[in-house]
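Predicted model only: the values in this text are computed from it and were never measured.
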Number of protein chains: 2
Amino acid sequence: MTKSFVYTASIQDYLKHIYLLLERGEAVTTTALAQRLKVRPASVTGMLRRLARSEPPLIVYQKHRGVMLTEAGKRAALEVIRHHRLIETWLVQSLGYSWDEVHEEACRLEHVISEQLEARLASLLGNPAYDPHGDPIPDQDLNLPPDTTLPLASLRPGQQGRICRVQSEQKELLRYLEQKGLRPGVSLVVVDYSPFDGNLTILPQSPDASPFVIGLAVSLKVFVEVLP
Amino acid sequence: MTKSFVYTASIQDYLKHIYLLLERGEAVTTTALAQRLKVRPASVTGMLRRLARSEPPLIVYQKHRGVMLTEAGKRAALEVIRHHRLIETWLVQSLGYSWDEVHEEACRLEHVISEQLEARLASLLGNPAYDPHGDPIPDQDLNLPPDTTLPLASLRPGQQGRICRVQSEQKELLRYLEQKGLRPGVSLVVVDYSPFDGNLTILPQSPDASPFVIGLAVSLKVFVEVLP
DNA sequence: CAAAAGATTTAGTCATACCTGAATTCTATT
DNA sequence: AATAGAATTCAGGTATGACTAAATCTTTTG
Ligand SMILES: [Mn+2]
Ligand SMILES: [Mn+2]
Ligand SMILES: [Mn+2]
Ligand SMILES: [Mn+2]
């Protein structure tokens, strides 16, 4: 079946980042990939050629135009992403890691766990649909739930939302949010909005919380479901 | 401190197998290593040179004579072995693997887990001293318990022993032993011995067990503590 | 003890899998 | 059509480690 893991860790990383860029609607440019992968653009071009020429092809690549994942490429990407997010979930739920500590560890382990371990891990954790950051975990067949979230930055005074996801691997940001009580599952109300700077004043819906202000740098990375 | 994991997976594997050969009192020959590592003898010689010249040196190597681990080499070997055995224990205790399924998985994971993960895993498992095969797990400081076991093959009729360890990665052998009820912790009595072929007739000390015969191929790989 | 057998090492290559800087070419913008 | 910026090509480099074949050493044996 899924003859997935003939791929090197490096190839898996390229595919993963291509997928993540596509998912966020960002342009999959050579430079964007180079930045994320911490290599030079020339290296990216080289790898894109190889991914496009591999058998089966993992991407469709038109020079200077852009990159799309083929079915095989998408599958391989989702495989790694499933591994990554399951591992993160495991580290938090079973081993007592905090959500800012799990990323690097998952980045190394994601390439070496077997499909059997993946399956057992998923079942041990109760087949979770989301990881500790609220990132959706592709299911066994690599399907993802529909995404109905919006950036917190798009809410306006009076609107209520429930935090679903924090899209960042920055340890400091994660620790800051943790400390402010802003984690997936928490509801909040927007009580004020400053135009020009985009600051939001928010009030988490917990007994002992008081309102505070967050800037765009934060509110663009926190994703919420709007509550009626 | 232990600046351990600058080493490649390949180096870790060489060191691990050198340690395991030394531990079993087997000669650490070029060919023995070549067999275990599934490479040609010339490749082993090449790597031995590198291990001996590395900074710090990981082995002491005299051409045509043999190999000893330096302190640094021994430490690195024990690190990997600790990882391997902790992972095996985890796979069996937390994930429901059987003891014949864990080896390959552990062989891949042992090279990529962090010291933090190692520590948390150990603590989750209650700092186990032995893995599912009865192999001792080096503790945090890489110390091993003294080994007081003998091969089952060395017992004679009338002697009682408790199985402590099965030194084999052969799936079939492990499954066979499992099915015969021979696993670490189980006590048995030797009821007969055939000279020349070395066959032993043994009786496990469990209510519904009956005596059966095992050959040297098996009894040399099962290690027991002799009971009074 | 000398020769043969067996084990090990040397020497020289090969392979894989990337990554890189510099020069070039393409695309988009004005 | 000029230009800036992005992307690509090119030629080369690095890092690891494996391999074959021939040479050399060690051990065994007649
Ligand atoms: Mn998988
Ligand atoms: Mn995550
Ligand atoms: Mn360790
Ligand atoms: Mn074991």
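Between A/Ile11 and A/Ala42, the residue whose closest nucleotide on DNA chain C is further toward the 5' end is A/Ile11. Comparing A/Arg65 and A/Val44 against DNA chain C, the residue whose closest nucleotide sits nearer the 5' end is A/Val44.
Counting non-hydrogen atoms under 4.0 angstrom, A/Thr31 reaches the backbone sugars and phosphates but no base. Among the protein residues, A/Thr45 comes within range of the nucleic acid bases, having at least one heavy atom under 4.0 Å from a base atom. The residue B/Thr30 sits close only to the backbone: its heavy atoms come under 4.0 Å of sugar-phosphate atoms, none of a base.
Computed from coordinates, the B/Leu51 CG to D/dA18 P distance equals 11 Å when rounded to whole Å. The CZ atom of A/Arg40 sits 10 Å away from the C1' atom of C/dC19 (whole-angstrom rounding). Between A/His64 atom NE2 and C/dT24 atom P there is a gap of 15 Å when expressed in whole angstrom units. Rounded to whole Å, atom P of D/dG17 lies 17 Å from atom CZ of B/Arg53. Note: CG (B/Asp13) to P (D/dG17) measures 10 Å, nearest angstrom. The separation between B/Leu33 atom CG and D/dG17 atom C1' is 15 Å, rounded to whole Å. Here the P atom of nucleotide D/dA18 and the CG atom of B/Leu37 are 8 Å apart, to the nearest Å. Between the C1' atom of C/dT20 and the CZ atom of A/Arg49 lies a distance of 16 Å, rounded to the nearest Å.
Aromatic rings from A/His103 and A/His133 are positioned such that their centres are separated by 6.0 Å or more.
Contact annotation: A/Lys63 does not reach the phosphate of C/dT27 (side-chain N/O to OP1 or OP2, under 4.0 Å). Between A/Tyr7 and C/dA17, a side-chain N or O to OP1/OP2 separation shorter than 4.0 Å is absent. Applying the 4.0 Å criterion to OP1 and OP2 of D/dT16, one finds that B/Arg50 has every side-chain N and O outside that range. For D/dT8, the OP1/OP2 oxygens have a side-chain nitrogen or oxygen of A/Tyr61 closer than 4.0 Å. Residue B/Thr8 places at least one side-chain N or O closer than 4.0 Å to OP1 or OP2 of D/dG17. Within the 4.0 Å cut-off from OP1 or OP2 of D/dA18, at least one side-chain nitrogen or oxygen of B/Ser10 is found.
Of all heavy-atom pairs between A/His17 and A/Leu33, the closest is CB-CD2, 3.9 Å. Scanning both residues, A/Ala153 and A/Leu200, for their nearest heavy atoms gives CA-CD1, 4.1 Å. Across all non-hydrogen atoms, the minimal contact from B/Thr89 to B/Tyr130 is OG1-O, 4.0 Å.
With A/Glu101 contributing its side chain and A/Ser98 its backbone, the two residues share a donor-acceptor pair below 3.5 Å.
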